[in-house]
There are 2 protein chains.
Amino acid sequence: MNVNTREKIIAVASDLFYEQGFEATSFLHVASRLGISKGNLYHHFKSKDALLNAVVGFRLSETANMLQHWEGASTGPQERIKHYINIVIQNWDKIRVFGCPVGTLSNELVKRDPENKDAQKVFALFRVWLRQQFTEIGESDKADEYAMRVLSWSQGVAVLGSAFGDFIYVKREVTAMCIWIDELHRSDTANSANERNN
Amino acid sequence: MNVNTREKIIAVASDLFYEQGFEATSFLHVASRLGISKGNLYHHFKSKDALLNAVVGFRLSETANMLQHWEGASTGPQERIKHYINIVIQNWDKIRVFGCPVGTLSNELVKRDPENKDAQKVFALFRVWLRQQFTEIGESDKADEYAMRVLSWSQGVAVLGSAFGDFIYVKREVTAMCIWIDELHRSDTANSANERNN
DNA sequence: AACACAATAGGACGGTCGTCCTATTTTATA
DNA sequence: TATAAAATAGGACGACCGTCCTATTGTGTT
């Protein structure tokens with residue numbers, strides 16, 4: 001296998017699945033954007049489902065790399081959570097037009113097969129990582145609940161922001177989310193101070 | 001035009017667009033579920049886009065009827081907002097499998113044409129109605145912000161709940177949303193009491 | 001240099017799609 | 001009842017789909 005070509009195919013397919021949706025993207029779309037033939041593409045992936053699996057794996061490793069990068073560069077768990085929250089602003093140009101890449105693909109995959117676990121994999125990766133950040137803040141009891149709230153809040157903002165094309169609204173909600181994170185931190189340090197005084 | 005047949009077509013198309021997505025639903029699917037011919041369907045709708053427009057209009061009027069029904073039966077704006085919040089529980093069996101009908105169609109339409117306003121129409125209807133409820137509560141300054149927050153929170157819960165197939169999580173978030181509404185109400189009546197005492 | 005195999009191109013295949021066309025049946029009106 | 005219009009059925013059409021097959025080119029190993 002020519003790994004280089006294979007990886008190019010996966011990257012282009014990931015983009016097209018995001019921009020057009022999985023169903024609406026054909027082998028010919030992927031091949032022609034790469035300047036290769038449909039037969040060549042089929043040599044690397046024996047079915048469209050195989051290509052989808054590769055794209056999901058590609059997105060998982062991309063996401064894992066991003067999370068790992070945040071681990072190294074950030075000063076604390078609050079800052080790391082804010083990195084996630086700010087994605088919707090960083091990628092606004094694409095989210096406005098195509099929605100959230102994770103949520104829209106999840107929607108499509110769940111409709112294809114409600115039992116398929118691929119739909120939740122990237123969400124699950126973010127969930128575990130966010131849960132860890134909230135645990136480090138000191139919210140271990142509610143870490144998973146808060147992780148899910150960050151996920152759903154961001155997801156909702158992406159959907160509504162895209163539907164209305166309203167960047168002002170998106171920025172306002174991102175600010176509100178960051179304030180919520182800061183308040184969690186403050187009440188936590190306050191509790192810690194109280195505990196220390198007892 | 002046979003209005004009866006036309007309305008049956010729209011209702012079935014709305015269901016199929018929800019269950020399979022717009023792109024994945026063909027004229028043959030709609031016709032065969034109704035037991036009519038493809039040619040007959042094309043007699044009533046001269047293109048797939050015309051059918052889509054009719055479905056969007058149908059959903060708008062259905063939504064308007066639901067909102068109007070809540071106006072008559074509920075005791076106050078808080079109860080009416082909670083009616084909206086509880087939709088995700090009422091319709092969980094379908095939302096788990098197919099996601100939110102408004103959000104998933106919006107995603108698809110925005111990808112087809114980012115400038116198309118149909119994608120936001122049902123959201124906009126809920127938005128105006130929710131804004132009115134928050135205004136009646138006494139939160140006129142933040143009525144639109146709160147309306148959008150209810151929309152996005154619910155939307156996020158629908159997406160994540162569907163992705164993970166987790167009804168426990170959905171119920172927990174619905175409870176949290178209702179508590180938030182109650183707290184808004186309490187702080188409002190508290191403010192009113194303070195104002196009366198001054 | 002000879003050879004095995006990966007990589008690539010190009011097209012055939014059966015199927016489905018949206019659209020359109022033409023008959024036939026039903027319905028409403030004069 | 002006669003007739004025009006609406007409703008319905010059924011299929012033709014070109015296009016595109018995922019899949020598969022074959023032939024050709026490139027590449028690395030013996």
Side-chain angles (χ1 to χ4, degrees), chain A residues 1-58 104-105 107-113 116 118-119, chain B residues 1-58 104-105 107-113 116 118-119:
Chain A
M1 281 287 183
N2 187 333
V3 175
N4 215 332
T5 301
R6 186 185 158 89
E7 285 178 352
K8 283 182 191 167
I9 292 171
I10 295 172
V12 165
S14 180
D15 286 349
L16 286 174
F17 290 175
Y18 177 33
E19 296 167 11
Q20 309 182 349
F22 172 73
E23 299 274 8
T25 300
S26 69
F27 270 63
L28 193 60
H29 286 137
V30 179
S32 65
R33 179 173 282 200
L34 276 163
I36 67 175
S37 68
K38 201 170 59 160
N40 189 11
L41 205 165
Y42 203 79
H43 170 72
H44 287 277
F45 298 95
K46 68 181 183 304
S47 74
K48 204 182 176 186
D49 272 304
L51 182 54
L52 174 61
N53 286 336
V55 166
V56 170
F58 170 70
T104 54
L105 183 63
N107 274 334
E108 231 179 331
L109 297 191
V110 168
K111 287 194 184 191
R112 275 168 57 91
D113 174 17
N116 177 25
D118 283 349
Chain B
M1 280 287 182
N2 186 332
V3 175
N4 214 332
T5 301
R6 187 186 157 89
E7 286 178 353
K8 283 182 191 167
I9 292 170
I10 295 171
V12 165
S14 179
D15 286 348
L16 286 174
F17 289 176
Y18 177 34
E19 296 167 11
Q20 308 181 349
F22 172 74
E23 299 273 6
T25 300
S26 70
F27 269 63
L28 193 60
H29 286 138
V30 180
S32 65
R33 180 173 281 200
L34 276 163
I36 67 174
S37 68
K38 200 169 61 161
N40 188 11
L41 205 164
Y42 202 79
H43 170 72
H44 287 276
F45 297 95
K46 68 181 184 303
S47 74
K48 204 180 175 187
D49 272 304
L51 182 54
L52 174 62
N53 286 335
V55 166
V56 171
F58 169 70
T104 53
L105 184 62
N107 275 333
E108 231 178 332
L109 297 191
V110 167
K111 288 194 182 190
R112 275 167 59 89
D113 174 16
N116 177 25
D118 283 349

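Every chain is numbered from 1, with letters handed out A, B, ... down the list of sequences.
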query: CD/Glu108(B) to CZ/Phe17(B) distance, rounded to the nearest 0.5 angstrom?
result: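 Glu108(B) CD to Phe17(B) CZ: 9.0 Å, rounded to 0.5 Å.
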
task: Would you give the length of the straight line joining atom CZ of Phe58(B) to atom CD1 of Ile9(B), rounded to the nearest 0.5 angstrom?
output: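 Spacing of CZ (Phe58(B)) from CD1 (Ile9(B)) equals 12.5 Å.
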
query: Is the closest basic N to carboxylate O distance between Arg112(A) and Asp118(A) below 4.0 Å?
result: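 The answer is no: the pair does not qualify as a salt bridge.
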
field: Cationic N near anionic O, under 4.0 Å, Lys111(B) to Glu23(B)
entry: no

Tell me which nucleotide among [options] gets nearest to the side chain of [X].
| X | options | answer |
| --- | --- | --- |
| Lys48(A) | dG18(D), dC17(C), dT8(C) | dG18(D) |
| Asn40(A) | dT19(D), dA9(D), dA9(C) | dA9(C) |
| His43(A) | dT8(D), dC17(C), dT8(C) | dT8(C) |

Please report the distance, rounded to the nearest Å, between [atom1] in [X] and [atom2] in [N].
| X | N | atom1 | atom2 | value |
| --- | --- | --- | --- | --- |
| Leu28(A) | dG10(C) | CG | C1' | 12 Å |
| Phe22(A) | dG18(D) | CZ | P | 8 Å |
| Glu23(B) | dC16(D) | CD | P | 15 Å |
| Leu41(B) | dC17(C) | CG | C1' | 14 Å |
| Phe17(A) | dG18(D) | CZ | C1' | 12 Å |
| Asn4(B) | dA6(D) | CG | C1' | 15 Å |
| Arg6(A) | dA6(C) | CZ | C1' | 14 Å |
| Phe27(B) | dG15(C) | CZ | P | 23 Å |

field: Base dT16(C) paired with Lys38(B) side chain (donor-acceptor, <3.5 Å)
entry: no

May I ask you to evaluate whether [X] reaches the phosphate of [N], defined as a side-chain N or O under 4.0 Å from OP1 or OP2?
| X | N | value |
| --- | --- | --- |
| Tyr42(B) | dG18(C) | no |
| His44(B) | dT8(D) | yes |
| Ser26(B) | dC17(C) | yes |
| Ser47(B) | dG18(C) | no |

message: When you compare the side chain of Leu52(A) with that of Phe22(A), does any pair of heavy atoms fall below 4.5 Å?
response: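 Yes, close enough: below the 4.5 Å cut-off.
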
- request: Starting from the 5' end of DNA chain D, give me the residue, Gly39(B) or Gly39(A), whose nearest nucleotide shows up first.
  value: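 Nearer the 5' end of the strand: Gly39(B).
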
